[in-house]
Amino acid sequence: TAGPTYEAIDPVRGITNISSGKMGYALAAACAAAGAEVVLVSGPTRLTCPAGVTRVDVASARQMQTAVEEALPGADVFIGVAAVADYRPAEVAADKIKKTGNDELVLRLVPNPDILAGVAARADRPLCVGFAAESRNLAEYATKKLHGKKLDMVVGNLVQDGMGGDHNTVVIFDHAGQHPLPRAAKERVAQGIVNHVVRLLNQSSNA
Ligand code: C5P
């Protein structure tokens with residue numbers, strides 16, 4: 001998955017996250033270059049689909065979850081890079097909501113499903129990789145995600161190091177420990193992440 005999700009409030013407004021989609025698209029391209037058959041489930045971005053990748057466009061978290069479930073049978077690896085909105089409006093207004101003078105407008109939000117944790121909880125789960133974009137305490141929060149969502153690997157980055165830009169500094173967290181990658185263009189970082197995924201896949205097939 002890549003990019004943000006968009007949760008409609010009414011036909012012209014919605015709730016979203018800031019995410020360029022660049023890291024997820026770079027990873028999809030790196031996986032395809034490594035010989036994988038790649039389905040990229042993407043929220044709204046300005047990016048073009050990498051060569052050799054099948055893109056499925058979605059808007060909301062629930063649409064993203066459905067598209068992921070459809071793409072999952074037979075998959076060896078699931079990499080969740082999308083910045084999924086944690087909440088969505090409880091109701092979507094059919095018509096544009098009109099201003100009511102100076103009164104407050106209250107939006108009721110309900111939690112979205114955790115797509116990655118849902119995939120990792122399946123009996124027939126593929127190797128599961130998550131991302132942790134944090135503003136502080138990276139190692140603590142990334143390790144919590146690794147165990148809490150029952151993942152094989154978490155790619156952690158500090159938001160101030162990577163968001164929106166073309167470069168990123170990441171640390172890979174897995175059950176063997178921490179593996180920092182050098183700061184580099186997102187394409188190069190994506191290759192490093194794919195190399196680590198391949199090492200874990202080889203370990204699990206040798207186990
Ligand atoms: O819990 P948090 O949102 O920080 O976890 C980030 C990781 O979980 C990312 O890999 C993201 O793609 C995934 N995620 C998800 N569905 C959600 C929330 C996060 O797949 N609803």
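The structure displayed is predicted, hence computed values, not measured ones. As the structure lists them, so they are numbered: ligands from 1, and atoms in each ligand from 1.
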Short N/O distance, under 3.5 Å, between [X] and ligand 1?
X: Thr1; result: no
X: Gly80; result: yes
X: Asp86; result: no

Item checked: Stepwise salt bridge (Lys or Arg N to Asp or Glu O under 4.0 Å) check, Arg125 with Asp152 -> CA-CA 11 Å; Arg125 55 174 279 161; Asp152 299 286; 2.6 Å; yes
Notebook entry, point to check: Under 4.5 Å between side-chain heavy atoms, hopping through other hydrophobics if needed: is there a path connecting Val56 to Leu72?
Noted result: yes
Next item on the list: Would you kindly confirm whether Tyr87 and Tyr6 end up in one hydrophobic cluster when ILVMFWY residues are joined by side chain heavy atoms under 4.5 Å apart?
Entry: no
Notebook entry, point to check: With a cut-off of 4.0 Å, which atoms of ligand 1 are near a heavy atom of Val81?
Noted result: 12 (O)
Notebook entry, point to check: Can you list the ligand 1 atoms lying under 4.0 Å from a non-hydrogen atom of Gly130?
Noted result: 10 (O)
Notebook entry, point to check: Quick one: which of Asp161, Thr169, Asn168 gives a side chain to side chain donor-acceptor pair (under 3.5 Å) with Arg183?
Noted result: Thr169
Sequence neighbours left out, cut at 3.5 Å: what donor-acceptor pairs do the side chains of residues 36-46 make with other protein atoms?
{"residue": "Ser42", "atom": "OG", "partner": "Tyr25", "partner atom": "OH", "Å": "2.7"}
{"residue": "Thr45", "atom": "OG1", "partner": "Tyr25", "partner atom": "OH", "Å": "3.3"}
{"residue": "Thr45", "atom": "OG1", "partner": "Leu47", "partner atom": "N", "Å": "3.1"}

Next item on the list: Check the angle between the aromatic planes of His179 and His196 and answer parallel, tilted or perpendicular using the 30° and 60° thresholds.
Entry: tilted
Check: Hey, which of Val189, Val155, Val194 is the one that makes side-chain contact (heavy atoms from CB on, under 4.5 Å) with Leu27?
Finding: Val194
Next item on the list: Can you spot which of Thr5, Ile9, Asp86 makes a side-chain contact (heavy atoms from CB on, under 4.5 Å) with Ile15?
Entry: Ile9
Contact between ligand 1 and [X] is defined here as a heavy atom of the residue under 4.0 Å from a ligand atom; is it met?
X: Asn112; answer: no
X: Lys149; answer: yes
X: Ala82; answer: yes

Which residue and non-hydrogen atom of the protein lie closest to [atom], and at what distance in Å?
atom: atom 6 (C) of ligand 1; answer: Phe131 O, 3.0 Å
atom: atom 16 (N) of ligand 1; answer: Ile115 N, 3.0 Å
atom: atom 4 (O) of ligand 1; answer: Lys145 NZ, 2.5 Å
atom: atom 18 (C) of ligand 1; answer: Val84 CB, 3.8 Å
atom: atom 20 (O) of ligand 1; answer: Leu116 N, 2.9 Å

Margin query: I need the contact type for Pro113 against ligand 1. Using non-hydrogen atoms and a strict under-4.0 Å cut-off, is it side chain, backbone, both or neither?
Written below: backbone
Next item on the list: Check whether any side-chain heavy atom of Val68 lies under 4.5 Å from a side-chain heavy atom of Gln65, and answer yes or no.
Entry: no
Note to self: Rounded at 0.5 Å granularity, tell me how far CZ in Phe173 sits from NZ in Lys145.
What the structure shows: 10.5 Å
Next item on the list: Tell me which one of Asp114, Leu151, Val154 gets a heavy atom nearest to atom 14 (N) of ligand 1.
Entry: Asp114
